[in-house]
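For reference, the structure discussed in these notes is given below.
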Amino acid sequence: MKKTIVILILTAMLFALTSCSTADNSSKPLVYASFYPIYDLTSKIAGDKLEIKTIIPPGVEPHDWEPSTKDVANMTKAKVILYLGLGMDSWIQKIKANAPNVDFYEVSKGVTPILEGGQPNPHIWLSPKEALIMAKNINDSLKQSFPQYSNYFDKNYETLKNQLEKLNQEYSHDLSNTKHKTFIVYHSAFDYLARDYGLKQEALVGIDEEAEVSPARMAKVINIIKNENIKYIFTEPLSSPKPMQTIAKETNTKILPLNPIEGLTKVEEKEGKDYLKLMEENLENLKKALNT
Ligand SMILES: [Zn+2]
């Protein structure tokens, strides 16, 4: 009985999927973006001319993600794949070897990387200044692979560029005269933001958020909070805030979210949030933490 129901549901889902994909696939060329921020910026430039998909699904933390055989097979069907580089999506090499007909573009090209233990920190999208470079790279890439839509892409890119420049001006202005310069986060995701806007990030763990928090690091961060009289510390939506809760208790600080925007949560997706909205929210919370 149960089995029949499952089969019925699966058949219904399959029908729904097939009808969906025939409806919106039409004849639009397929472009893959490795993870959310690239997906969102690309969608804004591509408008209705291309079908954009993210490789890493929403709500999934992208640092340790690896493609399945099925993912690899799907990606070889794309016309274009946009990836970040800087070690964030190094699995792309595996896809490259299997997809001789796909155009690959590295979106971080031209960014001056911050090195951490000899490795580049990949989190460039969290600084509007670097996001401007990403958007330009994406526009150039799309124009190279789809020259027939060049004017259309350029128009959308101009709109996006203006929005990012406005965001950059807000960050520069609002973060230039804050009471504190140091902010406390879980993983080392805001290095470019700190560099570009004159702040200092103190992270509990490095680039890899799966890493274990060391008691020495914990003690050091607690000391910084006490010495600098910091009132708010930051957690992120896709990783466990437990060590941050311990610190908050220990130092009598409050917790605010600071989003590394590595993948949308289901809730954020439902609320229609996008890169620009989340960056505005990050700025609001930074202002609150740095001015209290
Ligand atoms: Zn990260």
> What do the steps show when you test Asp174 against Lys287 for salt bridge (charged side-chain N to carboxylate O under 4.0 Å, His left out), and what is the final call?
Replying inline: CA-CA 7 Å; Asp174 294 354; Lys287 275 157 62 180; 3.3 Å; yes
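Using a 4.0 Å cut-off between a side-chain N of Lys or Arg and a carboxylate O of Asp or Glu, Lys166 and Glu170 qualify as a salt bridge. Under 4.0 Å is where a charged nitrogen must lie from a carboxylate oxygen, and between Glu202 and Arg217 at least one such pair does. Of the charged side-chain nitrogens involved, at least one lies within less than 4.0 Å of a carboxylate oxygen, so that Lys136 and Asp140 count as a salt-bridged pair. Between Glu130 and Arg195 there is a salt bridge, since a side-chain N of the basic residue sits under 4.0 Å from a carboxylate O of the acidic one. Note on Lys277 versus Glu271: no salt bridge recorded, every NZ/NE/NH1/NH2 to OD/OE distance being 4.0 Å or above.
Annotation: His63 is not in aromatic contact with Trp65 [ring centroid separation under 6.0 Å not met].
Residue Tyr192 comes nearest to Pro113 through the heavy atom pair OH-CA, 3.4 Å, listed as atom of the first residue, atom of the second, then distance. Contact between Leu126 and Asn259 at its shortest, heavy atoms only, is CD2-O, 3.5 Å. A pairwise comparison of heavy atoms in Thr292 and His180 identifies O-NE2, 2.8 Å as the closest pair. Closest non-hydrogen pair, Phe190 versus Gln201, comes out as N-OE1, 2.6 Å. A pairwise comparison of heavy atoms in Ile133 and Lys109 identifies CG2-O, 3.5 Å as the closest pair.
The distance from the OH atom of Tyr171 to the CG atom of Asn282 is 5.0 Å, given to the nearest 0.5 Å. One distance of note links CD1 of Ile81 with OG of Ser141; it measures 12.5 Å at 0.5 Å rounding. Atom CZ of residue Phe146 and atom OH of residue Tyr152 lie 13.0 Å apart, to the nearest 0.5 angstrom. Atom CD of Glu269 sits about 6.0 Å away from atom NZ of Lys266, to the nearest 0.5 Å.
A tilted orientation is assigned to the rings of Tyr39 and Tyr36, their planes being inclined by 30° to 60°.
Under a hydrophobic-cluster definition in which Ile, Leu, Val, Met, Phe, Trp and Tyr are linked whenever side-chain heavy atoms come within less than 4.5 Å, directly or via other members, Val72 and Val60 are assigned to the same cluster. Phe234 and Ile247 are members of different hydrophobic clusters when ILVMFWY side chains are connected at heavy-atom separations under 4.5 Å.
Residues Thr178 and Tyr197 form no side-chain contact, since every pair of their non-hydrogen atoms from C-beta on lies 4.5 Å or further apart. Contact annotation: the side chain of Glu106 approaches that of Tyr83 to within less than 4.5 Å [non-hydrogen atoms, C-beta and beyond].
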